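Working notes, structure below.
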Amino acid sequence: MDHAPTRLICPLTATSLEAMRAEMDAAAKLGADMVECRLDHLVEPPSAGQIEVLLASPALPVIATCRPTRQGGLYRCDESSRLAILQCAAASGADFIDVEDDVPDSDWPVGQIILSHHDFVGVPDDLDGIAARLERSRAVVNKVAFTAAGPEDALRALDLLRVCRKPTISLAMGECGLASRILARKFGAFGTFAALGEGAGSAPGQPTTKEMRHLYHWDRLGPATAVYGVIGCPVAHSMSPAIHNAAFEAAGLDAVYLPLRIEPGHDSFSRFMDAALARGWLGLRGLSVTIPHKENALAYVGPANCGDLAGTIGAINTVTVGADGRLRGDNTDYSAAIDALRSSMDIACADLAGRSVAVLGAGGASRAIVAALAHYGARVTIYNRTVRRGQELARDFGCKSAGLEAIGGLDAEIVINCTPLGMHPNMEASPLERIPKSVRVVFDTIYNPVRTRLLRAAEAEGCLCVSGLEMFVNQAVAQFEIWTARKAPRDLMRGVVAQRLAAGE
Ligand code: NAP
């Protein structure tokens, strides 16, 4: 049995021996525990002498791999020369040799063998049978890698870690499989792969070593780590993992927060939720939900199990999973927006009663904000490009509505932009050409950029300006407090988002 913590394995994919050797040193500096020399990536098949030089006094333990094209690798020459390269690597001191499970046992190099099975299309039908075959072999480490269509497939990879008795690498490739790579440590895998840098991975969906260490706090992960995540599509550029993982670390909580890409549709959403909740051992405790799944989340959790206004809004962005598996839903979007507005204006919610508000847009964000404004008695007019959609929203909450072309004549104290006009990368757009005289407060829900063209124009007119950054931070703060029953490190969370925005991430 292998009791070492799960190794962060950095695949080295340079095309020359000198560059691969330099990558080895770089991987050690980044904090990798092991490297995988992908000898199939070298432009020329290496000679015995070259392999010896490459593997002389390595900075880290080495896995030697020479993946053939039939198994998704780059090695094109004949099988006997490939096996000879691996034998040379073993003789030159490679700690482990990766051999594919279609190579007869009698042809294996002499050394510590990682027996690997890959599926670049999907999840093998006979996953359990494959794992059992690897277990029965004389290899010292099992490796199974397949392709995930949804994050529920990542959970299949974790299932294998729980049943295999030998040290095992089990992971789901592709963006949807990311959870299997990060949670490998929680479930005691032999190792997980993390790339040297952006674009340097050896398989789809590999995070970088830097992300593993600094975004997911790899060293802090263990068997008791609670699991949180954000469900959405797309989700790869979400700021939520950065903000929540930083908050968990600052609060000293044993928890990790993952991006979970789920394709649109209630079926995809339910498939993941059913799979995650059936695995109590996963330790799933909470989910943020973003476009396009907020309505699906409400339907799945059930309005009866959701906080006030969630049913009226028709969407939730927060799911809490109790230790007994019970679900609770909340919508922290509307309170986040209203808190951003009223704290900037230095008023209480009740002081919104009777104030005239123009809301631009009639989508999901608008619906949450209009529901809350109506709840507190504000007089709301919705301006939307698609007039019918604006009318429907206005009807649901007893407001007025008009087309976007009527916007120039608006007569309101507060303007709230809930359209993407002005959002990165179209930062020169604005929903309002000039700020009408009646307007005293402008709230732009866009947070990238923080100072939109609309806010700059409002500032020039002496209006009070509220940025979408405050709303974004507020909803994350509220989620943290719902999940942990602790006060959130707000300043730190705000700083993480501001820093990432400034860095253009
Ligand atoms: P959504 O459901 O897709 O709604 C988008 C709304 O904008 C619709 O009313 C749409 O009008 C209108 N719109 C889109 N493109 C337009 C254009 N070119 N010209 C005029 N109107 C246009 O999106 P959402 O979830 O409500 O998000 C809207 C914005 O809110 C986002 O862009 C984001 O910046 C912001 N937001 C911020 C936060 C935060 O935490 N700060 C959270 C959520 C959202 P039609 O009905 O005619 O299509």
Side-chain angles (χ1 to χ4, degrees), residues 230 232-235 237-240 242-244 264 288-298 313-318 331-341 343-344 358-372 380-394 396 399 401-408 415-433 442-455 465-480 490 493-494 496-498 500-501:
V230 52
C233 185
V235 81
H237 295 289
S238 167
M239 302 243 179
S240 296
I243 201 170
H244 282 291
S288 308
V289 185
T290 185
I291 291 171
H293 288 297
K294 292 185 185 187
E295 292 84 0
N296 298 330
L298 176 68
I313 295 167
I316 54 172
N317 71 330
T318 311
N331 189 316
T332 66
D333 281 335
Y334 82 86
S335 51
I338 294 299
D339 280 352
L341 182 63
S343 65
S344 301
V359 175
L360 319 184
S366 171
R367 189 173 177 83
I369 291 173
V370 168
V380 179
T381 305
I382 298 155
Y383 295 84
N384 197 47
R385 180 177 61 180
T386 307
V387 174
R388 187 186 41 78
R389 200 177 178 198
Q391 286 170 338
E392 283 168 6
L393 181 58
D396 286 353
C399 309
S401 71
L404 212 50
E405 65 288 345
I407 206 170
V415 168
I416 305 179
N417 176 36
C418 297
T419 76
L421 290 168
M423 188 164 76
H424 179 83
N426 302 315
M427 295 183 295
E428 279 317 302
S430 174
L432 269 181
E433 278 314 310
V442 176
F443 174 16
D444 198 336
T445 62
I446 292 171
Y447 62 85
N448 187 9
V450 178
R451 284 179 78 237
T452 57
R453 192 174 144 211
L454 173 66
L455 287 187
C465 293
V466 187
S467 131
L469 177 62
E470 310 312 323
M471 173 178 170
F472 183 74
V473 173
N474 284 351
Q475 58 84 26
V477 162
Q479 291 183 330
F480 181 96
R490 171 185 292 277
M493 293 168 84
R494 191 181 190 288
V496 168
V497 186
R500 288 181 86 91
L501 287 172

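When a ligand or atom number is given, it counts from 1 through the structure's own listing order. Since we're looking at a predicted model, the values are computed, not measured.
Here the side chain of S430 pairs no donor or acceptor atom with the backbone of E433 at under 3.5 angstrom.
When only modelled atom types and interatomic distance are considered, N317 and D333 share a side-chain donor-acceptor pair under 3.5 Å.
Under the ring pair (Phe, Tyr, Trp, His ring centres under 6.0 Å) criterion, Y334 pairs with no residue at all, not counting sequence neighbours. With sequence neighbours excluded, the residues that form a ring pair (Phe, Tyr, Trp, His ring centres under 6.0 Å) with F480 are F248.
Counting all heavy atoms, side chain and backbone alike, I407 lies closest to L360 at CD1-CD2, 3.4 Å.
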Could you list the donor-acceptor pairs under 3.5 angstrom formed by side chains in residues 384-391, with sequence neighbours left out?
| unit_1 | atom_1 | unit_2 | atom_2 | d |
| --- | --- | --- | --- | --- |
| N384 | OD1 | A362 | N | 3.1 |
| N384 | ND2 | T386 | O | 3.1 |
| R388 | NH1 | E392 | OE2 | 3.1 |

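Each of I291, G361, A362, G363, G364, A365, N384, R385, T386, R389, L404, C418, T419, P420, L421, M423, T445, I446, Y447, G468, M471, F472 has a non-hydrogen atom positioned under 4.0 Å from some atom of ligand 1.
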